[in-house]
Amino acid sequence: MKYVLSRAASEDVRAITEWIAKDNPARSVSFARELLMCCRKLTTASERYPIIRADVTPPVRRRNYRRYAICYTVLRNHIHVIAVVHGARDVMSVIEERLD
């Protein structure tokens, strides 16, 4: 199984990287790698993390990494990452927007 970032999730990672780079460019690159590694690890333990939206098909799950929420669905052939957002944000509203 593989993972795929949605356009919005890819933009999320880019924005996170740019934000961190303002203070620490080297850390921004390593942190982006860590986020993507977490996404990659979902391919072997996708159902380990809790469902946060059971009212949609497929259900949306959430895996936390540090202060960030990686929100995704498990599809037949891949993990579809919908969002990578800071946990202080209204994660459910972000998911709602992206599912529409």
Side-chain angles (χ1 to χ4, degrees):
M1 188 176 287
K2 63 180 182 172
Y3 76 95
V4 176
L5 293 177
S6 67
R7 285 186 185 154
S10 185
E11 175 61 26
D12 292 339
V13 173
R14 185 194 62 75
I16 292 164
T17 303
E18 288 179 358
W19 178 258
I20 294 170
K22 291 177 183 179
D23 292 328
N24 190 338
R27 179 63 182 135
S28 71
V29 173
S30 66
F31 191 74
R33 285 187 189 134
E34 291 168 20
L35 283 173
L36 295 176
M37 179 59 73
C38 286
C39 293
R40 191 171 306 119
K41 288 180 179 179
L42 291 173
T43 64
T44 60
S46 59
E47 296 186 7
R48 175 180 179 186
Y49 299 99
I51 293 173
I52 59 168
R53 284 284 309 266
D55 61 318
V56 295
T57 303
V60 177
R61 294 177 176 270
R62 175 179 175 161
R63 185 231 197 268
N64 294 327
Y65 179 71
R66 303 212 178 228
R67 295 182 179 168
Y68 290 86
I70 301 170
C71 302
Y72 65 97
T73 58
V74 180
L75 301 176
R76 183 177 210 169
N77 298 321
H78 67 278
I79 304 300
H80 182 76
V81 179
I82 299 167
V84 182
V85 296
H86 195 280
R89 290 182 59 191
D90 184 351
V91 175
M92 295 305 286
S93 290
V94 171
I95 296 304
E96 186 69 31
E97 289 172 13
R98 296 193 182 174
L99 291 177
D100 287 338

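- Between Arg7 and Asp12 no salt bridge is recorded (no basic side-chain N to carboxylate O distance below 4.0 Å).
- Taking every heavy atom of both residues into account, Ile95 and Ala83 meet most closely at CD1-CB, 4.1 Å.
- In this structure, Ile79 is a member of the same hydrophobic cluster as Val84, with clusters built from ILVMFWY side-chain heavy atoms closer than 4.5 Å.
- Taking the side chain as every heavy atom from C-beta outward, Ile16 and Leu35 approach each other to under 4.5 Å.
- His86 places a side-chain N or O within donor-acceptor distance of the main-chain N or O of Ala88, the cut-off being under 3.5 Å.
- Defined by atom type and a distance below 3.5 Å, a donor-acceptor pair is present between the side-chain atoms of Ser30 and Arg27.
- At a threshold of 4.0 Å, the pair Arg14-Glu18 counts as salt-bridged, since one of the basic side-chain nitrogens sits closer than that to a carboxylate oxygen.
- When all heavy atoms of Val94 and Arg89 are compared, the pair lying nearest together is CG2-NH2, 3.4 Å.
- Clustering ILVMFWY residues whenever any of their side-chain heavy atoms sit less than 4.5 angstrom apart, transitively, puts Ile70 in a cluster other than the one holding Val91.
- Between Val81 and Cys39, the closest side-chain pair of non-hydrogen atoms falls below 4.5 Å.
- Counting heavy-atom neighbours within 6.0 Å of Arg40 CZ, excluding the residue itself, gives a total above 12.
- Ile52 places a side-chain heavy atom less than 4.5 Å from the side chain of Met92.
- Counting heavy atoms from C-beta on, the side chains of Leu42 and Arg63 come closer than 4.5 Å.
- How far OH of Tyr65 is from CE of Met37: 10.0 Å, rounded to the nearest 0.5 Å.
- Taking 4.5 Å as the limit, every side-chain heavy atom of Cys71 sits out of range of all side-chain heavy atoms of Arg61.
- The backbone N or O of Val13 sits less than 3.5 Å from a side-chain atom of Thr17, completing a donor-acceptor pair.
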